[in-house]
Asks: 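Structure provided below as structure tokens; questions to follow.
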Amino acid sequence: MIIAVIVIGMIILFLCWAFFKEEKRLIEEESRLSPSDSAIRQKQYITDESTDKHNADLDIVLQLLRNMGCPYHYDSNIGQYVFQYQGLDFLIRSSQEEHVLHCVLPFWYEVAFDDFEHFAHVRKCINQLNLHIDVNATFYTRDDDHRSFHIHTCADFPMFDSLPAKSDYLKHVLNGLTYVRNRGTLLFDKKED
């Protein structure tokens, strides 16, 4: 009987020690984050397992951005992270259903509503870009306030555990988005013969 009480007591002590050790680790990790990262992490804290994986995926990409020297911040108005790569602003958000991060290079070209010829040319070029570039999708949105169409390009970044060299793949995706922007701008500005 006394041995059972001692064993149970030791188990309880071990569990308390493990709990407090994990709490200490979380507090230390939280202190290393910037205040905005800390606030975002607190908002995202949900015990659902898929959301935990989703947060882990996003944390990995944010760490990759930090390692690449890309400044970023969370924009609560749009619910996405905004970061810079090669002087361009990108948006990134994660999907809770799938382990995919969606990366967008927004507003990189603009066409006025009343420039029908140029818009027809740009739409034709967008179709060519989407046909020949496999990583990205280029699309346009209508902005009635500014009476123009805005061109954007997006790509998905899968976050499979088995994906090696995630940093290299992220650079490949970002370089692909940048290439589409540069190539698209050349095509859009080129006058048809």
Side-chain angles (χ1 to χ4, degrees), residues 34-37 39-40 43-44 54-55 57-62 64-159 166-193:
S34 69
S36 62
D37 287 342
I40 292 161
K43 278 184 188 176
Q44 293 176 341
H54 151 78
N55 290 341
D57 293 342
L58 190 57
D59 288 344
I60 290 169
V61 171
L62 293 177
L64 292 174
L65 291 173
R66 254 184 250 121
N67 294 345
M68 291 166 47
C70 298
Y72 67 87
H73 68 278
Y74 185 77
D75 187 333
S76 58
N77 294 329
I78 59 174
Q80 298 184 37
Y81 281 90
V82 179
F83 68 95
Q84 285 192 336
Y85 179 73
Q86 295 184 358
L88 301 172
D89 288 332
F90 290 82
L91 305 174
I92 195 161
R93 68 179 168 81
S94 57
S95 169
Q96 291 190 10
E97 299 82 37
E98 324 154 337
H99 298 298
V100 173
L101 290 149
H102 304 285
C103 189
V104 179
L105 176 56
F107 306 106
W108 56 265
Y109 199 85
E110 185 175 17
V111 180
F113 275 175
D114 56 359
D115 194 347
F116 302 114
E117 263 183 52
H118 188 60
F119 183 64
H121 174 69
V122 167
R123 284 184 52 188
K124 180 179 171 185
C125 293
I126 287 173
N127 289 337
Q128 289 176 351
L129 286 170
N130 286 335
L131 195 64
H132 297 293
I133 310 240
D134 58 349
V135 177
N136 313 293
T138 300
F139 59 98
Y140 64 90
T141 57
R142 182 183 172 119
D143 184 351
D144 291 329
D145 294 338
H146 294 102
R147 303 200 36 78
S148 62
F149 295 99
H150 296 285
I151 311 301
H152 321 274
T153 302
C154 67
D156 290 338
F157 180 82
M159 290 300 294
K166 287 182 174 86
S167 179
D168 292 339
Y169 189 73
L170 177 60
K171 287 178 187 175
H172 171 73
V173 169
L174 295 176
N175 288 335
L177 291 170
T178 305
Y179 171 80
V180 168
R181 175 198 171 269
N182 295 340
R183 180 77 177 129
T185 302
L186 288 173
L187 288 173
F188 298 166
D189 290 341
K190 184 178 178 183
K191 301 293 182 197
E192 288 189 283
D193 298 328

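Just so you know, these numbers use all the heavy atoms, side chains as well, and skip hydrogens, waters and symmetry mates. Residue numbers start at 1 and run along the sequence shown.
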Asks: Just so I know, are the side chains of Leu64 and Tyr169 near enough to count as touching, which here means a heavy-atom distance under 4.5 Å?
Replies: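 Not in contact.
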Asks: Below 4.5 Å, heavy atoms only, C-beta onward: do Val122 and Tyr140 meet side chain to side chain?
Replies: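 Side-chain contact under 4.5 Å: no.
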Asks: Could you state the interatomic distance from CD1 (Ile92) to CG (Leu170), rounded to the nearest 0.5 Å?
Replies: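 Here the rounded value is 6.5 Å.
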Asks: What are the two closest heavy atoms between Val111 and Asp115, and how far apart are they?
Replies: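 Closest pair (atom of Val111, atom of Asp115, distance): CG1-O, 4.2 Å.
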Asks: Name the one of Leu174, Leu88, Leu91 that satisfies side chain to side chain contact (heavy atoms under 4.5 Å, CB included) with Phe83?
Replies: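 When side chain to side chain contact (heavy atoms under 4.5 Å, CB included) is applied between Phe83 and each of Leu174, Leu88, Leu91, only Leu174 qualifies.
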Asks: Does some side-chain heavy atom of Tyr85 sit less than 4.5 Å from a side-chain heavy atom of Asn175?
Replies: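 In contact.
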Asks: Keeping His121 on the side-chain end and Leu187 on the backbone end, is there a donor-acceptor pair under 3.5 Å?
Replies: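 Yes, His121 side chain to Leu187 backbone: donor-acceptor pair under 3.5 Å.
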Asks: Report the C-alpha distance between Asn130 and Phe139 in whole Å, list the side-chain angles of each, state the deciding distance to 0.1 Å, and finish with yes or no for side-chain contact (heavy atoms from CB on, under 4.5 Å).
Replies: CA-CA 9 Å; Asn130 286 335; Phe139 59 98; 5.9 Å; no
Asks: May I ask you to test the Asp189-Tyr109 pair for a side-chain heavy-atom distance under 4.5 Å?
Replies: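 Yes - at least one pair of side-chain heavy atoms lies under 4.5 Å apart.
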Asks: Just list the side-chain donor-acceptor pairs under 3.5 Å for residues 146-155, sequence neighbours left out, or say none.
Replies:
residue: His146; atom: ND1; partner: Asp143; partner atom: OD2; Å: 2.7
residue: Ser148; atom: OG; partner: Glu110; partner atom: OE2; Å: 2.7
residue: His150; atom: NE2; partner: Asp143; partner atom: OD2; Å: 3.0
residue: His152; atom: ND1; partner: Phe107; partner atom: N; Å: 2.9
residue: His152; atom: NE2; partner: Thr141; partner atom: OG1; Å: 2.7
residue: His152; atom: NE2; partner: His150; partner atom: O; Å: 3.4
residue: Thr153; atom: OG1; partner: Trp108; partner atom: NE1; Å: 2.9
residue: Thr153; atom: OG1; partner: Thr138; partner atom: OG1; Å: 3.1

Asks: Distance from Leu129 atom CG to Lys124 atom NZ, nearest 0.5 Å?
Replies: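 Rounded to the nearest 0.5 Å, the CG-NZ separation comes out at 12.5 Å.
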Asks: Is there a side-chain contact between Ile126 and Phe188 (heavy atoms, below 4.5 Å)?
Replies: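 Heavy-atom side-chain distance check passes, below 4.5 Å.
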Asks: As an exercise, state the distance from CG of Leu62 to CG of Asn67, rounded to the nearest 0.5 Å.
Replies: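 Leu62 atom CG to Asn67 atom CG measures 11.0 Å (nearest 0.5 Å).
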Asks: Establish, yes or no, whether the cationic atom of Arg66 lies under 6.0 Å from the six-membered ring centre of Tyr72 and within 45° of the ring axis.
Replies: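 The answer is no, since Arg66 fails at least one limit relative to Tyr72.
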Asks: In Å and rounded to the nearest 0.5 Å, what is the CG to NE2 distance from Asp156 to His102?
Replies: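 The NE2 atom of His102 is 5.0 Å from CG of Asp156, to the nearest 0.5 Å.
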